[in-house]
Amino acid sequence: MNLLMAMFLIMAIGYFLGHLNIFGVKFGASAILITSLVFGHFGTKVPPILDNVGLVLFLAPIGLMAGPTFVNNIKKNGIKFLAIAIITCIIGGASIVLAVKLFNIPLELSMGLGAGALTSTAMLGTVTSLTPSSLPGVGYGIAYAFGVLGVVLLVQILPKVMGVDRDEENNKLTVPESKNAVENLKKKFLDFEPHGLFGVAVAIALGSLLGSLKLPVGDKVVVSLGAGGGSIIMGIVLGHFGHIGPVNFTYAKGNMQMIRDLGLAFFLMRAGTNAGAGFVEVISQYGITLFFAGVMITLASSVLSYLIAYYVFKLPLFGALGTTTGSMTSAPALGALLEVTKDDRVSSYYAATQPIATIFLVFMPQIIWLFFGPR
């Protein structure tokens with residue numbers, strides 16, 4: 001099959017499948033991964049460069065969108081958000097290592113399961129950069145389904161079990177306003193390109209430079225942000241200031257979401273086709289064990305994250321669930337939570353936690369690899 005035709009057919013089929021409502025869950029763009037696994041199994045190969053291009057196109061817009069509210073959200077509940085995100089990542093990392101020990105599976109596969117269980121394509125990008133193995137993509141594809149479903153069910157079932165009053169809980173939510181964003185709306189800045197591609201390009205260029213810096217750890221290991229981690233950080237910086245001199249870096253979220261989704265599609269397509277070649281063999285070798293490993297990582301991370309947010313840091317119930325969806329980087333779970341609360345204010349808790357969690361999930365695989373990877 002013609003490569004160009006195959007690539008866009010994968011996208012089309014993936015978006016169609018992702019739109020289907022399966023027991024109340026929509027997989028969205030991540031269905032592209034499942035579709036590309038099938039295509040990869042039957043021999044479709046996508047150029048490796050699409051992996052890196054997709055990753056930075058995905059992460060830079062996330063940073064630009066989070067930037068305007070990032071600082072103010074941190075000022076209000078910053079220590080809590082930071083702690084919850086870090087603790088969730090630590091729990092996820094510990095679960096990944098535990099899965100290796102309990103289920104006797106390769107570290108590369110377990111980290112892929114962790115990326116799927118935590119629904120983090122950013123983490124998957126880091127994992128795939130650490131090893132040439134296709135196992136991370138396989139693990140991601142296997143664990144992602146329950147990674148989505150598990151957190152979606154948690155945010156839907158928990159308020160019913162606790163018998164809370166929805167309006168009363170919504171009244172406990174507050175949304176910090178960004179003075180920077182408000183002031184920028186009143187001013188006119190220079191747009192070299194009106195749709196945000198210029199800002200994304202600058203964030204990626206600067207982010208790639210930042211990500212290329214390497215910090216030696218010991219004699220043999222170096223740690224770096226990588227292009228992905230650098231891009232999201234530079235996106236947050238540019239998004240926070242909104243402009244540099246007369247040049248605008250504040251863009252409509254709709255434009256950023258389109259670029260982000262295109263990057264995500266490219267990234268998942270490459271990851272899926274790369275993993276598809278060995279997918280059946282891996283399933284045959286490890287079987288149902290992989291599913292249980294993914295479930296363990298998802299439940300341990302999400303449930304403990306919620307308990308810490310609600311009982312330790314005393315966040316409102318819906319706020320605690322919002323930070324849980326953010327620390328799990330689960331947009332589908334946020335969608336389900338918005339349906340439960342019928343109130344957009346809960347999304348501010350997700351927005352404050354998700355970028356922090358994304359950054360730490362970029363670093364976390366490198367730390368695991370540093371201590372438990374091959375010597």
Side-chain angles (χ1 to χ4, degrees), residues 25 27 30 33-34 36-38 40-41 86-154 268 271-272 274-308 324 327-330 333 357 360-375:
V25 176
F27 289 100
S30 292
L33 179 74
I34 300 172
S36 59
L37 282 170
V38 176
H41 173 68
I86 292 175
I87 291 170
T88 303
C89 290
I90 292 173
I91 294 169
S95 300
I96 289 169
V97 175
L98 186 61
V100 174
K101 306 298 182 183
L102 288 180
F103 300 105
N104 195 30
I105 58 179
L107 180 60
E108 297 94 324
L109 184 55
S110 185
M111 289 202 294
L113 288 169
L118 296 168
T119 65
S120 176
T121 50
M123 178 179 167
L124 177 61
T126 302
V127 175
T128 55
S129 71
L130 292 172
T131 172
S133 171
S134 63
L135 291 177
V138 176
Y140 182 92
I142 292 169
Y144 184 86
F146 189 81
V148 171
L149 183 60
V151 188
V152 165
L153 292 176
L154 177 68
L268 292 176
N274 188 44
F279 187 82
V280 173
E281 289 79 3
V282 173
I283 294 296
S284 299
Q285 182 176 353
Y286 296 101
I288 198 67
T289 300
L290 297 183
F291 175 76
F292 284 118
V295 168
M296 179 192 74
I297 297 170
T298 294
L299 291 181
S301 302
S302 60
V303 173
L304 291 176
S305 175
Y306 161 74
L307 292 175
I308 291 168
T324 298
S327 62
M328 295 289 291
T329 67
S330 179
F360 279 102
L361 287 173
V362 168
F363 284 115
M364 187 252 283
Q366 298 187 55
I367 297 172
I368 294 175
W369 195 259
L370 177 64
F371 287 100
F372 300 99
R375 300 298 178 184

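All heavy atoms count here, side chains included; hydrogens, waters and symmetry mates do not.
- The heavy-atom pair separating S110 from V100 by the smallest distance is CB-CG2, 3.4 Å.
- Rounding to the nearest 0.5 Å gives a distance of 13.5 Å between OG of S36 and NE2 of H41.
- The distance from atom NZ of K101 to atom CD1 of I96, rounded to the nearest 0.5 Å, is 13.5 Å.
- To the nearest 0.5 Å, atoms CD1 (I90) and CZ (F360) are separated by 8.5 Å.
- Taken to the nearest 0.5 Å, the CG atom of L98 stands 12.5 Å off from the CD1 atom of I91.
- For L124 against G137, the heavy-atom pair with the smallest separation is CD1-N, 4.2 Å.
- Checking side-chain atoms of S95 against main-chain N and O of I297 turns up no donor-acceptor pair under 3.5 Å.
- Shown here for T131 and P136, the closest heavy-atom pair between the two residues is CG2-CG, 4.0 Å.
- W369 has its side chain within reach of L107: a pair of non-hydrogen atoms, C-beta onward, lies under 4.5 Å apart.
- Applying the side chain to side chain donor-acceptor pair (under 3.5 Å) rule to pairs touching residues 295-308 yields T88-S305, S305-S327, sequence neighbours excluded.
- M111 approaches M123 most closely through the heavy-atom pair O-CE, 3.7 Å.
- Across all their heavy atoms, S120 and Y140 have their closest contact at O-CE1, 3.9 Å.
- Residues satisfying the side-chain contact (heavy atoms from CB on, under 4.5 Å) test with L307, not counting sequence neighbours, are V303, L304, Y311.
- Atom CE of M328 is separated from atom CG of L361 by 9.0 Å, given to the nearest 0.5 angstrom.
- Across all non-hydrogen atoms, the minimal contact from A293 to L113 is CB-CD1, 3.9 Å.
- With hydrogens and angles disregarded, a donor-acceptor distance shorter than 3.5 Å links the side chain of T329 to the backbone of T119.
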